[in-house]
Amino acid sequence: MTEARFDELIHPSTRLSLVATLAAADWAEFAFLKDRLQLSDSALSKQLTTLEEAGYVATERRLSGSRRKVRARLTSTGRDAFNGHIAALRAIVADATAPAEGPPV
């Protein structure tokens, strides 16, 4: 069972969407991520760099013909952080929607 851990690094919506997309794939091409998340090259690069510096994402740069292609994947650390963050969000929602115990205030 994953320990619920709210993760401030993953929580901003752009990073959460990025990590969720990567969680569903082995590797994802930069162009796919850019289109899926509707981000500019620079915005996606910045988010990937932030996550890579934290050890949550690994990137690979390779040549395809004369073009350089970048792809990314979640590391095991990133997957653990994502799963913990999702568990924490679920716990927050469950607490907020649980019926109150005791007499009405």
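Predicted model only: the values in this text are computed from it and were never measured.
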When you look at Asp80 and Glu3, which way does the side-chain contact (heavy atoms from CB on, under 4.5 Å) test go after all the steps? CA-CA 9 Å; Asp80 289 346; Glu3 178 187 348; over 6 Å; no
Heavy-atom count around Arg90 CZ within 6.0 Å, excluding the residue itself: above 12? no
Approximate separation, where rounding is to 0.5 Å, of Leu48 CG and Lys34 NZ: 12.5 Å
Sorted by chain and residue number, the salt bridge (Lys or Arg N to Asp or Glu O under 4.0 Å) partners of Arg62 (sequence neighbours excluded) come out as Glu29, Glu60
How long is the span from the CG atom in Leu51 to the NZ atom in Lys46, to the nearest 0.5 Å? 12.0 Å
With sequence neighbours excluded, what pairs up with Thr59 under the side chain to side chain donor-acceptor pair (under 3.5 Å) test? Glu52, Arg61
Could you tell me whether the side chain of His85 reaches within less than 4.5 Å of the side chain of Val19, counting heavy atoms only? no
Apply side-chain contact (heavy atoms from CB on, under 4.5 Å) to Thr14 and Leu37, showing your working. CA-CA 8 Å; Thr14 301; Leu37 303 172; 5.7 Å; no
Atom pair CD1 (Ile92) and OG1 (Thr97), whose distance is rounded to the nearest 0.5 Å: 11.5 Å
Rounded to the nearest 0.5 Å, how far does CG of Leu33 lie from OG of Ser45? 10.5 Å
Check whether any side-chain heavy atom of Leu39 sits under 4.5 Å from a side-chain heavy atom of Leu18, and report yes or no. no
From the list Thr77, Thr75, Asp7, Thr50, side-chain hydrogen bond (donor to acceptor under 3.5 Å, both in side chains) with Tyr56 holds only for Asp7
Separation of Ile10 CD1 from Arg15 CZ (nearest 0.5 Å): 9.5 Å
Does the distance from a Lys or Arg side-chain N to an Asp or Glu carboxylate O, for Arg73 and Asp26, drop under 4.0 Å? no
Going through the distances and angles, do Phe30 and Lys69 end up as a side-chain contact (heavy atoms from CB on, under 4.5 Å)? CA-CA 7 Å; Phe30 187 92; Lys69 291 195 171 193; over 6 Å; no
Checking side-chain contact (heavy atoms from CB on, under 4.5 Å) for the pair Trp27/Leu22: CA distance, chi angles, key distance, verdict? CA-CA 7 Å; Trp27 285 92; Leu22 291 173; over 6 Å; no
